[in-house]
Protein chains: 2
Amino acid sequence: MTVDDRRAWETVLAHIENDLLWGRLKPGDRLPGERALAADLGVGRSSVREAIRVLEVLGLVRTNVGSGPTSGAIIVALPGGGMSALMRLQVAAQGFPVADIVKTRLVLEAAVAAELAEAVLTAALHPDTANPDLGRCVQWLTAMDAPGLSEDEFLALDAAFHLSLAEACGNQVVIATMAGLRNAIEGYARAGVARLASWPDTSARLRAEHRGILAAIEAADPAGAHSLVHAHISGYYAETRLTAPAH
Amino acid sequence: MTVDDRRAWETVLAHIENDLLWGRLKPGDRLPGERALAADLGVGRSSVREAIRVLEVLGLVRTNVGSGPTSGAIIVALPGGGMSALMRLQVAAQGFPVADIVKTRLVLEAAVAAELAEAVLTAALHPDTANPDLGRCVQWLTAMDAPGLSEDEFLALDAAFHLSLAEACGNQVVIATMAGLRNAIEGYARAGVARLASWPDTSARLRAEHRGILAAIEAADPAGAHSLVHAHISGYYAETRLTAPAH
DNA sequence: CTAGACTGTGTGGTCAGACCACATGGTCGC
DNA sequence: GCGACCATGTGGTCTGACCACACAGTCTAG
């Protein structure tokens with residue numbers, strides 16, 4: 001009886017969100033076809049498509065054309081892409097100052113490192129608790145030691161290492177946020193490299209600092225890990241005088 | 001000459017993002033009309049609409065019907081809504097565990113409180129630096145002392161107070177993220193209140209803790225503010241045994 | 001001359017229908 | 001038995017149409 005003054009695509013979005021909340025849709029499930037959904041909700045197919053487009057950008061569904069069990073819109077719940085898109089566009093639209101992105105990354109990553117060190121400490125005191133898995137972090141560090149890496153390759157490995165710290169921590173929100181923060185200023189980071197006095201010196205220093213951070217974590221030194229990460233990130237951004245992107 | 005294998009709406013999105021990056025579009029500007037944009041980019045109007053819908057959900061534009069200078073899609077760059085939608089849906093789709101949301105909020109808000117205390121300290125040592133503006137925070141605390149508040153009203157004021165701390169800090173990324181985190185678990189928070197042993201006792205304790213946090217900040221005690229926030233948030237969520245939302 | 005009503009125009013919002021490329025799964029013919 | 005073939009259903013896209021809306025200029029009544 002009540003009128004629905006929402007826009008049609010909002011109706012669709014709310015319906016799908018409701019299905020998710022009630023468990024009628026789970027990751028791996030397929031959404032009904034666009035035509036069926038439109039008929040069920042009494043809206044046009046274009047409105048359904050707008051809602052699904054939003055879900056896709058937000059990292060909730062993946063769409064596939066064709067036929068068979070892998071076709072259609074499938075719930076995936078991968079927040080990384082959505083977070084990246086949001087932050088990248090907000091930086092572009094001047095809603096997110098680059099300085100704030102860097103500061104936030106600083107806070108989150110320092111906290112992650114401290115928490116990892118804390119977990120190592122806990123694992124040492126209580127043998128029944130598991131040590132955080134830092135294997136991936138070590139792998140990325142090793143890869144960064146390879147000679148002849150281009151600057152872009154090094155930056156990619158650097159990003160992978162920093163993200164692997166968050167992954168070792170296991171907090172999905174932090175993982176997605178860190179990925180988004182990093183992605184949002186990727187262009188700025190690449191431009192910053194050009195302003196460095198000496199890339200070989202800087203990359204060597206970065207590698208050493210990475211080893212130091214990992215050592216502090218493995219030594220169960222939360223405060224040390226925290227301050228080392230703080231110095232690592234703030235130092236790098238000060239050095240590159242991060243300001244404008246490389247168009 | 002090169003083929004564009006992107007989907008049509010991605011072309012539109014990329015075009016607008018490019019205009020933003022190059023400064024051809026700024027906050028306050030109006031996007032070209034949907035029909036004009038479609039013709040310019042050689043795509044259908046529906047594809048343009050899908051891209052604009054994404055921008056709207058991400059908090060980059062606000063759309064208005066009608067005519068005149070306020071009609072059409074206007075760049076606004078308000079990330080709060082987009083962050084909220086992303087996190088709320090990711091929680092619904094089980095991409096973000098509620099526990100991770102709470103943990104992240106803990107980390108961010110504790111860091112914010114510490115930074116505010118640090119700023120107070122800096123302002124005390126260097127008279128040329130400004131004190132953070134905590135006036136809004138005090139206003140919300142005062143409002144929370146009003147008698148006869150319903151639980152929902154109290155929760156709303158509580159959310160406003162916590163957000164005002166981030167606003168005092170001035171970091172746009174943290175402001176938007178905190179708003180999103182809070183919004184994502186709002187339903188869970190309301191459900192948690194029902195599991196409290198005594199709402200009057202809890203609300204009184206929360207008010208006292210808020211005062212304590214603010215006092216630590218104004219006393220330029222970063223470590224104290226950090227630990228008080230930590231205890232405040234983790235204590236509350238432990239007490240409400242935050243698990244399932246109120247359907 | 002002024003104030004109000006009126007209408008033209010351009011906006012986003014929505015729908016319906018059509019066509020395409022694609023991937024699958026069954027069927028038919030060898 | 002097996003490969004070629006085609007019917008089917010999917011998302012992706014475009015077109016055209018209509019609506020409600022809000023403004024701006026015009027027109028009319030006072």
Side-chain angles (χ1 to χ4, degrees), chain A residues 2-16 19 25 28-76 78 81-82 85, chain B residues 2-16 19 25 28-76 78 81-82 85:
Chain A
T2 61
V3 291
D4 187 356
D5 57 352
R6 281 180 304 192
R7 288 183 282 180
W9 65 272
E10 287 180 303
T11 304
V12 180
L13 207 51
H15 180 262
I16 295 176
D19 278 359
L25 285 175
D29 286 354
R30 288 177 56 194
L31 257 59
E34 296 177 353
R35 294 166 179 84
L37 212 43
D40 286 352
L41 299 178
V43 300
R45 189 182 161 209
S46 52
S47 298
V48 172
R49 285 185 58 75
E50 289 183 19
I52 292 183
R53 191 67 54 236
V54 168
L55 292 175
E56 182 179 347
V57 171
L58 258 34
L60 267 93
V61 306
R62 184 173 47 89
T63 59
N64 298 94
V65 294
S67 169
T70 68
S71 70
I74 301 179
I75 310 282
V76 291
L78 299 174
Chain B
T2 60
V3 290
D4 188 356
D5 57 352
R6 281 178 305 192
R7 289 183 282 180
W9 65 272
E10 288 179 304
T11 304
V12 181
L13 207 51
H15 180 262
I16 296 176
D19 278 359
L25 285 176
D29 287 353
R30 288 178 55 195
L31 258 60
E34 297 177 352
R35 294 166 178 85
L37 212 43
D40 287 351
L41 300 178
V43 300
R45 189 183 161 209
S46 52
S47 298
V48 172
R49 285 185 59 75
E50 290 183 17
I52 293 184
R53 191 66 53 237
V54 168
L55 292 175
E56 183 178 349
V57 171
L58 258 35
L60 267 94
V61 306
R62 183 173 49 87
T63 60
N64 298 94
V65 295
S67 169
T70 69
S71 70
I74 301 179
I75 311 280
V76 290
L78 300 174

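Each chain gets a letter, A, B and so on, in the order its sequence line appears, and its residues count up from 1.
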- Query: If you check every side-chain atom of B:R49, which of D:dC14, D:dT13, C:dT14 has the closest atom?
  - Reply: C:dT14

- Task: Quickly, which of B:L25, B:V48, B:L41 forms a side-chain contact (heavy atoms from CB on, under 4.5 Å) with B:I16? Name it, please.
- Result: B:L25

- Message: Taking the nucleotide of DNA chain C with the nearest heavy atom to each, does A:T70 or A:R45 sit closer to the 5' end?
- Response: A:R45

- Query: Within a strict 4.5 Å, meaning less than it, do heavy atoms of the B:E50 and A:S46 side chains meet?
  - Reply: no

- Nearest listed nucleotide, side chain of B:P69, among D:dA24, C:dT14, D:dG12: D:dA24

- Query: If you check every side-chain atom of A:A8, which of D:dG11, C:dC15, C:dG12 has the closest atom?
  - Reply: C:dC15

- What does B:G68 touch in the nucleic acid at a heavy-atom separation under 4.0 angstrom: a base, only the sugar-phosphate, or nothing? sugar-phosphate

- Which nucleotide sits closest to the side chain of B:S67: D:dC14, C:dG13, D:dC23? D:dC23

- Task: Pick base, sugar-phosphate or nothing for A:R53, based on heavy-atom distances below 4.0 Å to the nucleic acid.
- Result: sugar-phosphate

- Message: Let me spell it out: for each of B:R35 and B:G44, pick the nucleotide of DNA chain D with the closest heavy atom. Which residue's pick is nearer the 5' end?
- Response: B:G44

- May I ask you to say what A:S46 touches in the nucleic acid, namely base, sugar-phosphate or nothing, with a heavy-atom cut-off under 4.0 Å? base

- Note on the structure: The nucleotide from D:dG12, C:dT11, D:dT13 with an atom nearest the side chain of B:S71 is C:dT11

- Item | Inter-residue atom distance B:S47.OG - B:L37.CG, 0.5 Å rounding | 11.0 Å

